[in-house]
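Working notes for the structure below.
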Amino acid sequence: MVDFKGSHYPKDVILYAVFFYVRYAVSYRDLEEIMAERGVTVDHATLNRWVVKYSPLIACQAQRRKSATSSSWRMDETYIQVKGKWTYFYRAVDKFGKPLDFMLSEHRDEAAASGFFARTIKNNGWPEKVVIDKSGANLAGLQNINWRLLLYGWFWLIEIRQVKYLNNTIEQDHRFIKKLTRPMKGFKSFQSASATLDGIEVAHMIRKRQFSTSGQSAFQQFAALAA
């Protein structure tokens, strides 16, 4: 449950603004005008604070409530600009394109890859197979996970495949993320970027029908995650 105490605005107004921003390619200035047309006066700085505060909390609930996914994974990273510099957005989907997990990192190296795989396994269970690109860092990250399994006495290891065409699923999936982040023209802080991407991924999960909808609209599904 997401706590909205202390806000001077109704919960539904906050959720509508956050959902609209992470689902559609708009700026905070645009969203300020959209909210005003709906009779809500709120400045762009407040809208930014709402996204940064509530998107990660809703994303946490989304991880807990999403439907089961396949044990065959596809992993890759894409670039996100923060304060004029490139950062790395690690993402994983299953073989059907269902989002598994995501993590923004300032570095693209073995440590970041290892941390992302450990996080994804914690949230989704152990995969049978992971397909990656030719990145040495990603390969080393997965091998680190397998070494941990061996150290704990497991003889069942994750199958690692570095086959480019098999990774087309996630490379194509990046397009939805880039479509929404491109109009934002970069982020001013790492925290803001990470929080916004959390919300965008939740909206993407809703598009991929990863929650029990019961005929709910996309916004209703988003709002239900905060309940």
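When a residue number appears, it is its place in the shown sequence, counting from 1.
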salt_bridge(Arg91, Glu77) N-O dist < 4.0 Å: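 Looking at Arg91 and Glu77, the cut-off is not met.
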Looking at Asp101, Thr120, Val93, Thr169, which one forms a side-chain contact (heavy atoms from CB on, under 4.5 Å) with Trp73?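 Among Asp101, Thr120, Val93, Thr169, the one meeting side-chain contact (heavy atoms from CB on, under 4.5 Å) with Trp73 is Thr120.
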Minimum side-chain heavy-atom gap [X]-[Y] below 4.5 Å:
{"X": "Lys208", "Y": "Pro99", "value": "yes"}
{"X": "Asp173", "Y": "His204", "value": "yes"}
{"X": "Trp126", "Y": "Ile145", "value": "yes"}

Heavy-atom donor-acceptor pair, [X] side chain to [Y] backbone, under 3.5 Å:
{"X": "Arg207", "Y": "Ala203", "value": "no"}
{"X": "Glu32", "Y": "Arg29", "value": "no"}
{"X": "Asn146", "Y": "Ile158", "value": "yes"}
{"X": "Lys134", "Y": "Gln162", "value": "yes"}
{"X": "Ser192", "Y": "Lys188", "value": "no"}
{"X": "Thr87", "Y": "Ile80", "value": "yes"}

Using a 6.0 Å cut-off, check whether atom NZ of Lys178 has over 12 heavy atoms from anything other than its own residue.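 Yes, because the 6.0 Å sphere around NZ of Lys178 holds more than 12 heavy atoms from other groups.
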Might you confirm whether atom NZ of Lys11 has over 12 heavy atoms from other residues, nucleotides or ligands at distances under 6.0 Å?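 Atom NZ in Lys11 is crowded, with more than 12 foreign heavy atoms closer than 6.0 Å.
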Below 6.0 angstrom between ring centroids: does that apply to Phe4 and Tyr54?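 Yes; Tyr54 has its ring centre under 6.0 Å from that of Phe4.
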Between Tyr21 and Trp50, is the gap from one ring center to the other below 6.0 Å?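 Between Tyr21 and Trp50, the centre distance exceeds or equals 6.0 Å.
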Can you find a side-chain donor-acceptor pair between Glu110 and Asn138 that sits under 3.5 Å?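 No, no side-chain donor-acceptor contact under 3.5 Å.
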In terms of relative ring orientation, are Phe89 and Phe102 parallel, tilted or perpendicular, with 30° and 60° separating the classes?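 Geometry flag for Phe102 against Phe89: tilted rings.
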With a cut-off of under 6.0 Å to the ring centre and 45° to the axis, is Arg65 in cation-pi contact with Phe211?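 Verdict for Phe211: no cation-pi partner in Arg65.
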NZ on Lys164 to CD1 on Ile132, rounded to 0.5 Å: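 Going from the CD1 atom of Ile132 to the NZ atom of Lys164 covers 13.0 Å.
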Please report the C-alpha distance between Arg38 and Tyr16 in whole Å, then the side-chain angles of each, then the deciding distance to 0.1 Å, and finally whether the side chain to side chain donor-acceptor pair (under 3.5 Å) criterion is met. CA-CA 11 Å; Arg38 285 157 175 75; Tyr16 179 82; 2.9 Å; yes
